[in-house]
Amino acid sequence: MKRIFSGVQPTGNLHLGNYLGAIRNFARLQDDYECIYCVVDMHAITVWQDPAALKANTREVTATFLAAGVDPAKHIIFNQSQVPAHAELAWIFNCVARLGWLNRMTQFKEKAGKHRENASAGLYVYPVLMAADILLYKATHVPVGEDQKQHLELTRDVAQKFNNDFGREVFPIVEPLIFGEATRVMSLRDGSKKMSKSDPSDYSRITMTDGPDEIAQKIRKAKTDPLPLPETVEGFDGRPEAANLITIYAALADITPEAVLGEYGGQQFSDFKKALTDMAVEKLGPVGQEMQRLMADPAHVDGILKDGAERAEALARPILAEIYDVVGFLNVR
Ligand code: TYM
């Protein structure tokens, strides 16, 4: 069976973009693939994380996977730090990836900003650890949001260079799975910016634990323009906020943006915002409630992560042993 790997960082503020762009798809793929879903705590610490918050956020991401419907008996859910082979393979890949490749990564440039000299070395090699995550299991498919495309290209480059350098087809060339209406959800405050965990404004995003009142308030305050809703998707041109809200509705309702406009095109934003609020509460409410229920039982969540780490480790060890042998590490134990 084809194998999937994907990861989510436990950095707090898990939002609608993470859900619609990635986590909801994780659950939808589980009948057709063998899936490995990882809470990437080692990626999280590439920027400062409060230790207690990191632990709580690791449980929160795990709860989101479960609440979204991923079955931990059939598939693997674990946190990255518990399978040391990720770090071990990352070192080898640090010696395969080229500085020139890393210098092209737009996410590093965005995250490091003007203070590049002050960014951690870990943030720079973040995509190399990502390649290790995926290739440690020889995964073939990776469901992610649009923003991870460039990182997956680097994963393909690492696999290709490793295979070439050693003259062996050790790694598959992975395929990104970027699908659904909302592969790039934008900020509610600025339709030209991605919805993100790190935006200083809470009003820029709907988080997975927002209740009906918070959802209603954030949608009410969401930026729009003075015109009525466009009649067709061509009308999205130059209207990023309208495009974003309609796309979010389409994704939540599992219909196309054209179908949304069929119903609401030409109407005022105020009416549409009420419909969007109802839709968001209907679709996100049960997920948020299930998350709260799971997070109230940390021992249960930790048990799932422990079981997942053991099963992930069992898959990873023989693959890492093969890689060590190919690289030429002398096995004396
Ligand atoms: P993270 O935690 O930043 O994002 C988790 C997932 O959410 C998607 N996403 C979005 N999708 C649509 N609209 C948005 N506004 C939006 N914001 C985030 C991301 O594309 C991602 O799929 N680097 C990864 C974590 C990772 C990983 C991996 C992924 C580490 N190792 C191996 C795949 C395979 C990340 O961005 O996480």
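Order of listing sets the numbers, starting from 1, for every ligand and every atom in it.
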Practice problem: State which residue, out of Tyr137, Phe166, Phe93, fulfils the ring-ring contact (aromatic ring centres under 6.0 Å, His included) condition with Phe171. | Solution: Phe93
Quiz item: Quick one: which of Tyr37, Phe179, Tyr19 gives a ring-ring contact (aromatic ring centres under 6.0 Å, His included) with Phe26?
Solution: Tyr37
Nearest atoms (heavy-atom pairs only) where [X] meets [Y]:
X	Y	result
Ala312	Ile76	N-CD1, 3.9 Å
Glu231	Gly266	OE2-CA, 3.7 Å
Ala275	Tyr249	O-CE1, 3.8 Å
Ala85	Arg317	N-NH2, 3.8 Å
Lys138	Pro172	O-CG, 3.6 Å
Lys221	Tyr203	CD-CE2, 3.7 Å

Quiz item: Roughly how far apart are Leu14 CG and Thr11 OG1, rounded to 0.5 Å?
Solution: 8.0 Å
Which ligand 1 atoms does [X] reach within 4.0 Å, using its non-hydrogen atoms?
X	answer
Arg184	12 (C), 13 (N)
Phe5	32 (C), 34 (C)
Val8	2 (O), 5 (C)
Gly21	11 (N), 12 (C)
Thr183	11 (N), 12 (C), 13 (N)
His43	30 (C), 31 (N)

Should [X] be counted as touching ligand 1, given the test is an N or O pair under 3.5 Å?
X	answer
Lys197	yes
Lys194	no
Ser6	no
Ile134	no
Met130	no
Met195	yes
His151	no
Gln148	yes

Do me a favour and list the nearest non-hydrogen protein atom to [atom] with residue, atom name and distance?
atom	value
atom 3 (O) of ligand 1	Gln9 NE2, 3.5 Å
atom 35 (C) of ligand 1	Tyr126 OH, 3.6 Å
atom 10 (C) of ligand 1	Gly17 O, 3.5 Å
atom 22 (O) of ligand 1	Gly145 N, 3.1 Å
atom 18 (C) of ligand 1	Asn18 ND2, 3.2 Å
atom 17 (N) of ligand 1	His15 CE1, 3.6 Å
atom 6 (C) of ligand 1	Ala22 CB, 3.7 Å
atom 25 (C) of ligand 1	Gly7 O, 3.4 Å

Quiz item: So does Asp199 pair up with Lys193, basic N to acidic O under 4.0 Å?
Solution: yes
Quiz item: Without hydrogens or angle criteria, can the side chains of Asp133 and Gln80 be said to hold a donor-acceptor pair below 3.5 Å?
Solution: yes
Exercise. Go through the side-chain N and O atoms of Glu234 and Thr232 and say whether any donor and acceptor fall under 3.5 Å apart.
Key: yes
Quiz item: Hey, which of Asn57, Asn79, Thr58 is the one that makes side chain to side chain donor-acceptor pair (under 3.5 Å) with Asp41?
Solution: Asn79
Practice problem: Determine the interplanar angle of the Phe78 and His86 rings, folded into 0 to 90°, and report it as parallel if under 30°, tilted if 30 to 60°, perpendicular if over 60°. | Solution: tilted
Quiz item: Tell me, do Lys197 and Asn18 make a side-chain contact under 4.5 Å, heavy atoms counted?
Solution: yes
Check [X] against ligand 1 and report side chain, backbone, both or neither, counting heavy atoms closer than 4.0 Å.
X	value
Met186	neither
Val185	both
Asp133	side chain
Val144	both

Quiz item: Any idea which of Leu177, Asp147, Val142 brings a heavy atom closest to atom 19 (C) of ligand 1?
Solution: Asp147
Exercise. Give a yes or no on whether Leu177 and Val142 share a hydrophobic cluster (residues Ile, Leu, Val, Met, Phe, Trp, Tyr; joining criterion: side-chain heavy atoms under 4.5 Å apart).
Key: no
